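We count ligands from 1, going down the list as the structure has it; atoms in each ligand are counted the same way. Keep in mind the model is a prediction, meaning the values are calculated, not measured.
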Amino acid sequence: MKIKNPLDVTVVGGGMITELQIMPSVYYLQRIGAIKQINVCALNTAPLKVISESARLKEAFPGQSFNAYPDYKTESQEAMFPDLYKQVIDKMEDRNIVFVALPDQLHYGAIMYALNHNQHVVTVKPLTLSYKEALEIEKLAFSKGLFVGTEYHKRFDDRVGMARLKYRDGDFGEFRLGYATLIEPWYYRDSNFQNWCTVENSDMFTYIGCHYVDQVNMITGLLPTEVSVYGVRDKYPNGKEGFLWTNANVIWENGASLALLNGMGYPNVAAGGNSQGIWLFTQGEKDGGLMFHDDQYRGVKHSYITKGNHQGDSYYNEPSPDYLKLLERGGEGLTPVGYGYRSIEGLINSIHRVEEVGDSLEERKSIIKKIDDEGIVATPANSSFNELVIEAGRMSILNDGRPVVIEYGDNPTVKFKEFK
Ligand SMILES: NC(=O)c1ccc[n+]([C@@H]2O[C@H](COP(=O)([O-])OP(=O)(O)OC[C@H]3O[C@@H](n4cnc5c(N)ncnc54)[C@H](O)[C@@H]3O)[C@@H](O)[C@H]2O)c1
């Protein structure tokens, strides 16, 4: 896409996802002229120093930098700045971009603040933890002709795109039964997760199960109608309690069922970045169909003679070339490749599509509606079933796995399943 007017972006949250995926993507978009200035806000200075001094980012994007809030060169390491991002947003010109990368339970407040200050929004998943909040965001954004998109990067994994076209052409038949797993590494327990991904805020199904729920909808177009989640309570190193292993069952509108295993326990010594994949069993008139994606082992085996000091580093590795890598493509620095980059590019391009039409509110709304209907990037209007699933999942996990049904219609809602 040829960009006429590059936009400024304020990233709110400077944690793991910002360092690994958002910064390489927005730096590259800045290099190719889609983004102008980059601001990054965090709660305190430490993560901003890490991102700013990252050798990986310096090698890939020589000469590029961002404005850090708080300024890690002048502010004390101990001070906390929970509201500083608001001052940064206040100073932005209308209709630029706020990229929310805060812990799950803080998304809603930051998104509403950005919309109320006339900014387009991209947020890491989940959009919010409740359907009511998602609906409020959808309505406010649409009324102002502002785009809101949720970053579900698996939507941009080409194997999902292939399966979607084949499924929708009828080549798989109908989804009946499936299972998916996403187990993150054990060492996540030692990270900032232990401060927020605790039983009262979130759980492993809410945190990562949503990727495969979203993916099944992306491929099949089916909506989830019932959720039950069993969670194992474990202690983090700081003593806080989290649902660190979850076993969920999601029933779909056609009666199909997806079992989902999530956890924070993939061995540190193991070869991949995590354990993940999906099996879908489908049926036609005379035979069954099958879709299997091994999303961890993507066909690459490396054994190095050196090993870093990170907890997850190992000599033998099965790296994924598909999520996000920084590679030489000729020219200066390195280029991000993979669905992690494509997803952010797709969302930022969506904002440029909306901005292309300029000041006409009606025209911006019509582009937003078009993007909603395409169903490729996740927007509140086309993916709020994810918030309903999260709400249902939270209700279930806090009640020992009781099944919770999702009712759609004019006022979608979740409630405990009644047994007659
Ligand atoms: N696969 C995925 O799509 C994926 C992967 C990882 C994380 N995420 C999502 O990204 C979000 C962040 O995850 P993470 O792993 O980067 O977490 P993290 O704990 O590493 O980082 C959170 C960041 O938020 C910042 N923060 C907290 N309160 C703030 C405030 N008031 N103002 C400014 N900054 C504030 C902290 O300084 C920290 O930098 C979560 O919602 C998570 O679910 C998505």
Pairs of nitrogen or oxygen atoms closer than 3.5 Å, one from [X] and one from ligand 1: do any exist?
| X | result |
| --- | --- |
| Pro47 | no |
| Pro126 | no |
| Asn44 | no |
| Ile17 | yes |
| Asn192 | yes |
| Trp196 | yes |

Quick check with a 6.0 Å cut-off and a 45 degree axis cone: is Arg402 positioned over the face of Phe416's six-membered ring?
yes
Which ligand 1 atoms, with their elements, are less than 4.0 angstrom from a heavy-atom of Gly14?
23 (C), 38 (C), 39 (O)
Pro82 heavy atoms, cut-off 4.0 Å: which ligand 1 atoms fall inside?
30 (C), 31 (N), 32 (N)
Checking Arg298 side chain against Asp322 main chain: does a donor-acceptor pair fall under 3.5 Å?
no
Sub-3.5 Å donor-acceptor pair from the side chain of Asn118 to the main-chain atoms of Arg95, do we have one?
no
To check your reading of the model: name the closest protein heavy atom to [atom], its residue, and the distance in Å.
| atom | result |
| --- | --- |
| atom 21 (O) of ligand 1 | Gly15 CA, 3.2 Å |
| atom 43 (O) of ligand 1 | Asp104 OD1, 2.7 Å |
| atom 1 (N) of ligand 1 | His211 NE2, 2.9 Å |
| atom 44 (C) of ligand 1 | Lys125 CE, 3.4 Å |
| atom 7 (C) of ligand 1 | Tyr207 OH, 3.6 Å |
| atom 15 (O) of ligand 1 | Met16 CE, 3.4 Å |
| atom 28 (N) of ligand 1 | Leu106 CD1, 3.6 Å |
| atom 37 (O) of ligand 1 | Leu43 N, 3.0 Å |

Checking Phe175 against Phe281 for the ring-ring contact (aromatic ring centres under 6.0 Å, His included) test, could you report, in this order, the C-alpha distance in whole Å, the side-chain angles of both residues, the deciding distance, and whether it holds?
CA-CA 6 Å; Phe175 167 46; Phe281 296 90; 9.3 Å; no
With no hydrogens and no angle check, do the side chains of Tyr212 and Asp295 hold a donor and an acceptor under 3.5 Å apart?
yes
Can you see whether Asn274 engages Gln296 through a side-chain donor-acceptor pair at a distance of less than 3.5 angstrom?
no
Part of Val124 within contact of ligand 1 (heavy atoms, under 4.0 Å)
side chain
Ala101 and ligand 1 - part of the residue with a heavy-atom distance under 4.0 Å:
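Contact part for Ala101 vs ligand 1: backbone (N, CA, C, O).
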Ion pair present between [X] and [Y], side-chain N to carboxylate O less than 4.0 angstrom?
| X | Y | answer |
| --- | --- | --- |
| Asp214 | Lys154 | no |
| Arg353 | Glu374 | yes |
| Arg342 | Asp158 | yes |

Taking ring pair (Phe, Tyr, Trp, His ring centres under 6.0 Å) as the test, write out the residues that go with Tyr187, two or more places apart.
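Result, ring pair (Phe, Tyr, Trp, His ring centres under 6.0 Å) vs Tyr187: His310.
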Between His153 and Tyr339, what is the ring plane arrangement, given parallel below 30°, perpendicular above 60°, and tilted in between?
tilted
Using the six-membered ring wherever Trp is involved, compare the ring planes of Tyr85 and Tyr113 and label them parallel, tilted or perpendicular (cut-offs 30° and 60°).
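Rings of Tyr85 and Tyr113: perpendicular, as their planes differ by over 60°.
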Quick one: does [X] get a heavy atom under 4.0 Å from ligand 1?
| X | answer |
| --- | --- |
| Gln21 | no |
| Glu19 | no |
| Tyr152 | no |

Qualifying residues under side-chain contact (heavy atoms from CB on, under 4.5 Å), relative to Ile251, sequence neighbours excluded:
Thr225, Glu226, Asn249, Ser257
Shortest heavy-atom approach to atom 26 (N) of ligand 1 - which of Asp214, Leu102, Val88:
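Checking each option, the heavy atom nearest atom 26 (N) of ligand 1 is found in Leu102.
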